[in-house]
A.B. asks: 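Right, I'll just put the structure down here and ask away after.
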2 protein chains.
Amino acid sequence: MLITVDSSSAQPLADQVANSVRAALAGGQAAPGDRLPSARNVAATLGINLHTVLRGYQQLRDEGLVELRRGRTAVITGTADQVRLQLTAAAEEFARAALHAGATDEEALDAARQALANLRE
Amino acid sequence: MLITVDSSSAQPLADQVANSVRAALAGGQAAPGDRLPSARNVAATLGINLHTVLRGYQQLRDEGLVELRRGRTAVITGTADQVRLQLTAAAEEFARAALHAGATDEEALDAARQALANLRE
DNA sequence: GTAGTGTTATAGTCAAAAGCAAACAGTTGG
DNA sequence: CCAACTGTTTGCTTTTGACTATAACACTAC
């Protein structure tokens, strides 16, 4: 279970922590029943604050992806499919921005297609 | 040249101002050579600060969409096509987030397609 | 010349993110 | 049992970004 963080990123650290877990779950590197490393451990390893890690964990709990109980490390309860559903929310944000910029549906999809192609290079 | 703003939105006011101009340009309601209303005028009309409007205008200047010179109101110099190119950047952000969540290209495109469909309802 | 424009500078408010520190209340394993 | 570890909670400070406020400046246009 690898959790990484980029302090130069504009994305909040807590979100990055949560994203690391989501990616591991969606990518098959983690499965329901697995345990996350303790928040204190992650905080010390990454050089960030305990609260920041816990806020990331609590995001995951609010989404039903992990179970948190004091005294024990977090347990993964969500599935990969569950994580992929979050894609729709991200896609909706993009679609909204695209339409707001005056794009048609086709233009928006073409842009998404082209972006994916660029990232694959 | 209509500039609107939603103070309840999470999007920064300056970004909303810039987006209003981009949408008008991409949608054909504004064209190169047109002038933007003065920043002081927009600020007073929308009930926001002069600086906030100017930050939006400066975004557009940095993107080559408008020309700013003191003493005169801003002039549109960019084209609708130029605005649509910005779609690619937005799409790339979405694509990156999708892939980071463990999605395949097809899943990402499906998500975008579904989001567009939802917004059309 | 006057009124209006964008520009610049300085300072203040406000909220969110993150950090720090300490105590609390469970679980686990020797 | 008990010591070590876990997440939880509380309260505070620091930092950063967005926004506001005021003022002076320099340029353009009528």
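Worth saying up front: this structure is predicted, and the values here are computed from it rather than measured. Labels below follow one simple rule: chain letters A, B, ... track the order of the sequence lines, proteins then strands, and each chain is numbered from 1.
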A.B. asks: To the nearest Å, how far apart are B:Asp15 CG and D:dG17 P?
C.D. replies: 14 Å
A.B. asks: Can you tell me how far C1' of D:dT8 sits from CD of A:Glu67, to the nearest Å?
C.D. replies: 15 Å
A.B. asks: How many Å lie between CD on A:Gln59 and C1' on C:dA16, as a whole number?
C.D. replies: 13 Å
A.B. asks: Report the distance from atom CG of A:Leu13 to atom C1' of C:dA16, rounded to the nearest whole Å.
C.D. replies: 13 Å
A.B. asks: Check A:Ala98 against A:Ala108 and note the closest heavy-atom contact, atom names and distance.
C.D. replies: CB-CB, 3.9 Å
A.B. asks: A:Asp62 CG to D:dT8 P: how many Å, rounded?
C.D. replies: 11 Å
A.B. asks: Nearest-Å distance, CD (A:Gln16) to C1' (C:dA17)?
C.D. replies: 12 Å
A.B. asks: Got B:Ile76 and B:Leu60 here, is their nearest side-chain heavy-atom distance under 4.5 Å?
C.D. replies: no
A.B. asks: B:Gln11 and B:Ser9: which non-hydrogen atoms are nearest, and at how many Å?
C.D. replies: N-OG, 2.9 Å
A.B. asks: How close do B:Arg55 and B:Ala14 get, heavy atom to heavy atom, and via which atoms?
C.D. replies: CB-CB, 3.9 Å
A.B. asks: Return the set of residues passing ring pair (Phe, Tyr, Trp, His ring centres under 6.0 Å) with B:Phe94 (not counting sequence neighbours), or none when no residue passes.
C.D. replies: A:Phe94
A.B. asks: Specify the separation, in whole Å, of atom CG of A:Asn49 and atom P of D:dC12.
C.D. replies: 17 Å
A.B. asks: List the atom pairs, donor and acceptor, that lie under 3.5 Å between side-chain atoms in residues 17-34 of chain A and the rest of the protein, sequence neighbours left out.
C.D. replies:
from, atom 1, to, atom 2, distance (Å)
A:Asn19, OD1, A:Arg22, NH1, 2.8
A:Ser20, OG, A:Thr4, N, 3.3
A:Ser20, OG, A:Thr4, O, 3.1
A:Ser20, OG, A:Gln16, O, 3.1
A:Arg22, NE, A:Glu63, OE1, 3.2
A:Arg22, NE, A:Gln86, OE1, 3.2
A:Arg22, NH2, A:Gln59, OE1, 3.3
A:Arg22, NH2, A:Glu63, OE1, 3.3
A:Arg22, NH2, A:Glu63, OE2, 2.8
A:Gln29, NE2, A:Gly27, O, 3.2
A:Asp34, OD2, A:Ala31, N, 3.0

A.B. asks: Quick one, give me the B/S/- string for nucleotides 3-14 of chain C, reading 5' to 3', where B means a protein heavy atom under 4.0 Å from the base and S means that only happens at the primed atoms, P, OP1 or OP2.
C.D. replies: -BBBBBB-----
A.B. asks: Taking CG from B:Asp6 and P from D:dC19, how many angstroms apart are they, rounded to a whole number?
C.D. replies: 12 Å
